[in-house]
Amino acid sequence: MSTSYQVTHGVAVITLDNPPVNGLGQSTRAGIVDGLAQAQADAAVQAVVLIGAGKVFCGGADIREFGSPKAFAAPGLHDVILALEASGKPVVAAIHGVVMGGGLELALGCHYRVAVPGTQVALPEVNLGLVPGAGGTQRLPRVVGVEAALQMITTGASVPAEKLAKAPGQKLFDRIVDGDLLAAAVSFAQDIAAVRPLPTVRDLAVAAPADPEFFKQARADLAKSRRNLEAPQRCVDCVEAAVTQSLDDGIAFERDVFTKLVAGDQSRALRHAFFGERAASKIPDVPDSTPLRKIEKVAVIGAGTMGGGITMCFLNAGVPVTLLEMKQEAIDRGVGIIRKNYEAQVAKGKLAQDKYEARMALLSTTLSYDDIAQADMVIEAVFEDFGVKSQVFAKLDQVMKPGAILASNTSTLDVDKIAEVTQRPSDVVGLHFFSPANVMRLLEVVRSKHTAKDVMATVMAVAKKIKKVAVVSGVCDGFIGNRMFEQYVRQSFALLEEGASVPQVDKAAEAFGFAMGPFRVGDLAGNDIGFAIRKRRRLEQPDVEYSPVGDAICELGRFGQKVGKGWYDYEAGKREPVPSAEVQACIDKVRLEKGITPRAISDEEIVQRLVLAMVNEGAKILEEGIASKASDIDMVYLTGYGFPLYRGGPMLYADMIGLPKVVELMKGFAGQPGGDSAFWTPAPRLARLAAEGKTFN
Ligand code: NAD
């Protein structure tokens, strides 16, 4: 049983006890119904208090039950709520910590609610591509009003209880209590025990919004702010139903919407992302019980673009950082940029002045390795050059205290080799942050063949502390993200050669949901980066071919936004991409040289080729054990590469198309005029899974 039952001073106390968040699993649901029945039957009980054990009242559904028959086993949450409403004795929800999702719907079935200040109140279902499914969209508008309810339901954002309690006319909370919640709730229950009729949220009227265009406007706003997303629109439908229909009809409507959404692609993708994020923190051969090293002081080497951002991540998490550079000017410049970043946040009201000062007080700088010797972890972010990094690691090996973790932010170098520069290779790990490091959520944790398990466990915990989504990658060129991205870029060039235009490819990718198409990304990041990599690779691997289009534009100095021209032209001071005749001439020239007759390419083909190019590489990455699971690859793309969250990542995209169909599409691409049959040969893992009728995830 995940509840307990006790009677004190004539009040039955039902305690939800299902750690960690008192999720409403089957045994919790059954426990509430049983407790209620017991209370009805006991003449000594005058009222009931429903409370949560531990740190929260209730975080909602028990996610461990998702996808299992238990989730549907009786009693359903809706039945529990009906039982609460039907109780002949008043039920008081005593709320602390968190009241979310099904937990809030449960509380709304009670006759009264008392809460402690600081309690986080939310209906976050929209973030999983759903609407609340147990009356939340019908009951919340009845207690906080349509406007506030719609805001909460469509954003999923949590609001502190005391703020909601202050809103004029609110009926969500009957009392905000300080001190001992149980004692306060029992005393409140005694006070109201005799009040009849029992008040229910169901009996409250909903006031229609003053503006007759309110719902229409909300839909239009959400179409912009939550582009392409279905659930926020359906949330509006449900809240509108709360105004136009009876409670029971509204609940039936909500249930119908929920059932459709839960079976749809967007919710599947968003749930995949939700679970994928949790799964990414688990490393198959590193048990949860692995002891962690203490990380209380961090050093960062190099105060450039990445070093500065990485430093901010730790300062934000309250961890002291010592920043080391070669010259005072470099320190001054780096610290200046950190300050400017924080000051911009202060100016926008996103960061309090005292917090800014507290963060800066955690930062010290030095030109001497002696000052960082006692750091628990050091992250190197110097120039991307093996010689420079080797010198830094040799020095770190000399000075750092035993047990310190030595991390490199390299994006392309071999972390095994960096580790081998030291006498303590098992303490070395790659921490590949993405730019801007203080903003981007992704952190690729590059596990070398030497890295100790406790180092892996420790950096995963550190990643969590600095609010990153850490994904483990083995050592290979480009790790997971950039290795797959290279195939995506390759396809984007091939599409140009075969007949697509730069704006067409970008627009197709953006309509699919990418934050930016491949050419706009190139212009933002700098086309010279890929140009330099291709030059290097041609020396190392002369047999690998690259399309000449990328080089052709770089030879004209079209490096991107920073020089005012790239795949597009840019007017001075503007970021709007303008299609470029010069670029089109480069493409035409390549077509002519290769004897290609351009053909019309559909947007659908563009998207499929861009994504499936990554999928095929992803299959190789899985086969080689560079990633341990397909959802890890998806997390890299969702958190670091602007892949639309509601599509769940490239590997899930392939799963949703169906792998046999993916293989068939690839065959089709290979067979087209100019089709690259080597490129489109399905990777063994993909071919095998397709043949077996299986999926990546
Ligand atoms: P950057 O040129 O902006 O900064 C490098 C800094 O390191 C400079 O301030 C330089 O003075 C300092 N430095 C160089 N040698 C040093 C030494 N021996 N000791 C101390 N300081 C030294 O470069 P960046 O873009 O911040 O890149 C740093 C690292 O991060 C590289 O390995 C790069 O591949 C990697 N990285 C960069 C990005 C990105 O988008 N810029 C993304 C991920 C990873």
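Whatever order the structure lists them in is the order used to number ligands and atoms, beginning at 1.
Atom 18 (N) of ligand 1 is flagged as protein-proximal [any protein heavy atom, distance under 4.0 Å].
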Are Phe643 and Tyr641 close enough, and set up right, to give a ring-ring contact (aromatic ring centres under 6.0 Å, His included), and what steps lead you there?
-> CA-CA 6 Å; Phe643 200 97; Tyr641 289 81; 10.0 Å; no
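Of all protein heavy atoms, the one closest to atom 10 (C) of ligand 1 is Glu325 OE2, 3.4 Å. Atom 26 (O) of ligand 1 has as its closest protein heavy atom Met306 N, 2.7 Å. For atom 4 (O) of ligand 1, the nearest non-hydrogen atom of the protein is Gly304 CA, 3.2 Å. For atom 25 (O) of ligand 1, the nearest non-hydrogen atom of the protein is Thr305 CB, 3.8 Å.
For the pair Arg278 and Phe274, the cation sits on the ring face: its NZ or CZ lies under 6.0 Å from the ring centre, inside 45° of the axis. Remark: Arg490 is not positioned above the aromatic ring of Phe679, lacking an NZ or CZ atom under 6.0 angstrom from the ring centre and at most 45 degrees off the axis. A cation-pi contact links Lys535 to Phe531, judged by a cut-off of 6.0 Å to the six-membered ring centre and 45° from its axis.
Between atom 28 (C) of ligand 1 and the options Val382, Leu431, Asn409, the minimum heavy-atom separation is to Val382.
Heavy atoms of Thr412 found under 4.0 angstrom from ligand 1: none, in either backbone or side chain. Residue contacts with ligand 1 for Lys327 are absent, since no atom lies close enough (heavy atoms, distance under 4.0 Å). Contacts between Lys389 and ligand 1 below 4.0 angstrom, taking non-hydrogen atoms only, involve the side chain exclusively. With a 4.0 Å cut-off on non-hydrogen atoms, Val392 touches ligand 1 through its side chain and not its backbone.
The shortest N or O to N or O distance between Glu380 and ligand 1 is not below 3.5 Å. For a threshold of 3.5 Å applied to N or O pairs, the pair formed by Thr410 and ligand 1 contains no separation below that value. Taking distance alone, with nitrogen or oxygen atoms compared against 3.5 Å, Phe433 stays at or beyond that limit from ligand 1. Residue Ser411 has at least one nitrogen or oxygen atom sitting less than 3.5 Å from a nitrogen or oxygen atom of ligand 1, judged on distance alone.
With salt bridges taken as basic N to acidic carboxylate O contacts below 4.0 Å, none links Lys565 and Asp523.
Side-chain N or O atoms of Asp416 include none that pairs as donor or acceptor with a backbone N or O of Ser448 at under 3.5 Å.
Residue contact check: Phe383 has heavy atoms under 4.0 Å from atoms 2 (O), 5 (C), 8 (C), 10 (C), 14 (C), 15 (N) of ligand 1. When each atom of ligand 1 is checked for a heavy atom of His432 under 4.0 Å away, the hits are 43 (C), 44 (C).
A pairwise comparison of heavy atoms in Arg424 and Leu396 identifies NH2-O, 3.6 Å as the closest pair. The heavy-atom pair separating His432 from Phe479 by the smallest distance is ND1-CD1, 3.8 Å.
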